[in-house]
Amino acid sequence: MSEWMRRILESKRKARQRLAALSFSEKLRILEKLRDRSLAIGVVREKPAKKYGQ
Amino acid sequence: MKATLEVINRMQADGIIGKYAIGGAVGATFYLEPAATLDVDVFVSLPKSDSGALLTLAPLYDYLTQRGYKTDGEYVVIEGWPVQFLPPSDALGEEALAQAVETEVEGVRTWVMTAEHLVAVALQTGRAKDFSRILQFVECGVLDAGKFDLILTRHGLLAKWEQFGNRFLKGNE
């Protein structure tokens, strides 16, 4: 594994640790934002794709 | 989520449910980094009826629908969150409920399964997303190995854990 990749993975690991250390209330607020985003993405996906020329 | 938990606590105070514990992805969030989920799994004990009739979720659904909450398949949408109520189906579920950890969400009291029970239930359920969650728990190092071993032994999950280890953990030790 390259040094560059190792640094990226280490940075991700630290970010996950930082998030895991938040209080349950703070984590649930993040969860709500994630859910709202997932629902918004779902709504966009459910719309039929526009065809060229329409 | 605070409002959802307040409704569930009210159900408990009104005797519609007994003890409860949050499981699934929301329960895992108590121990791990938040991971996107669209619903809440709530394991509940149901009060025993005097007539000795079979325990059903009907009184629970009636209570909520009478208060304006809508059902969506097996879920009831409570204050914006689809909630699935799951009475324990075996000894592991009963134990997970009995040993749940008390905590607070914005000042509202609630209960979450222990990390070891969340992993044991995920192992028993055995879907791809359950395995992924188990790996997160292992990587985070939040499991108490002694407690976890006892749970696996008590509930006949040692062979499943060994299979999981051979498949996903070998070479990572």
Side-chain angles (χ1 to χ4, degrees), chain A, chain B residues 1-6 8 21-42 72 75 77-84 100-115 118 129 132-133 135-143 171-172:
Chain A
M1 189 190 301
S2 70
E3 183 54 32
W4 172 72
M5 184 55 84
R6 211 186 315 276
R7 275 209 305 270
I8 289 174
L9 292 178
E10 181 56 19
S11 149
K12 279 181 183 286
R13 195 179 61 80
K14 282 190 176 156
R16 288 175 58 193
Q17 275 180 343
R18 185 176 51 77
L19 286 168
L22 295 174
S23 73
F24 194 33
S25 298
E26 287 171 301
K27 289 196 263 187
L28 289 181
R29 277 196 288 274
I30 295 172
L31 211 62
E32 282 171 348
K33 285 183 189 166
L34 289 171
R35 181 200 57 170
D36 292 345
R37 280 186 207 167
S38 299
L39 290 172
I41 291 167
V43 168
V44 171
R45 279 191 182 155
E46 280 168 17
K47 286 183 183 167
K50 269 190 174 177
K51 289 181 182 160
Y52 287 114
Q54 286 188 335
Chain B
M1 184 65 80
K2 182 189 176 190
T4 307
L5 295 174
E6 282 173 336
I8 297 171
I22 303 171
V26 177
T29 295
F30 183 65
Y31 302 96
L32 307 171
E33 76 273 19
T37 184
L38 298 175
D39 56 29
V40 190
D41 293 336
V42 176
D72 180 8
Y75 297 98
V77 182
I78 305 176
E79 302 297 331
W81 277 95
V83 179
Q84 186 168 21
V101 178
E102 186 178 334
T103 184
E104 273 191 7
V105 174
E106 295 177 45
V108 177
R109 198 157 72 127
T110 191
W111 289 265
V112 177
M113 282 187 185
T114 68
L118 281 166
K129 69 176 182 179
S132 164
R133 193 174 302 144
L135 286 170
Q136 278 181 283
F137 271 99
V138 172
E139 283 173 16
C140 251
V142 292
L143 293 176
N172 291 327

How about residues 12-20 of chain A versus chain B: which residues have heavy atoms under 4.5 Å apart? A:R16, A:L19, A:A20
Less than 4.0 Å between a side-chain N and a carboxylate O, is that true for A:R6 and A:E3?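 Salt bridge between A:E3 and A:R6, a charged N being under 4.0 Å from a carboxylate O: yes.
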By a 4.5 Å heavy-atom criterion (distance strictly below it), what part of [X] contacts chain A: side chain, backbone, both, or neither?
X      : answer
B:L38  : both
B:T103 : side chain
B:E139 : side chain

For a 4.5 angstrom cut-off between non-hydrogen side-chain atoms, does B:Y31 reach B:L143?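 They are not in contact (no side-chain heavy atoms under 4.5 Å apart), so the answer is no.
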Between B:L5 and B:I22, does a side-chain contact (heavy atoms from CB on, under 4.5 Å) hold up when you go through it step by step? CA-CA 10 Å; B:L5 295 174; B:I22 303 171; 3.8 Å; yes
Please name the pair of heavy atoms, one in [X] and one in [Y], separated by the smallest distance, quoted to 0.1 Å.
X      : Y     : answer
B:E106 : B:K2  : O-CE, 3.4 Å
B:W81  : B:D39 : CZ3-N, 4.1 Å
A:R35  : B:G80 : NH1-O, 2.8 Å

With chain A as the partner, which of B:V26, B:V105, B:T29 has the greatest number of non-hydrogen pairs under 4.5 Å?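 The answer is B:T29.
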For chain A, find which of B:C140, B:A35, B:G107 contributes the most heavy-atom pairs closer than 4.5 angstrom.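 Among B:C140, B:A35, B:G107, the one with the most close pairs to chain A is B:A35.
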Can you tell me how far NZ of A:K27 sits from CD of B:E33, rounded to the nearest 0.5 angstrom? 8.5 Å
Kindly assign one of parallel, tilted or perpendicular to the pair B:F30 and A:F24, based on the angle between their ring planes and the thresholds 30° and 60°. perpendicular
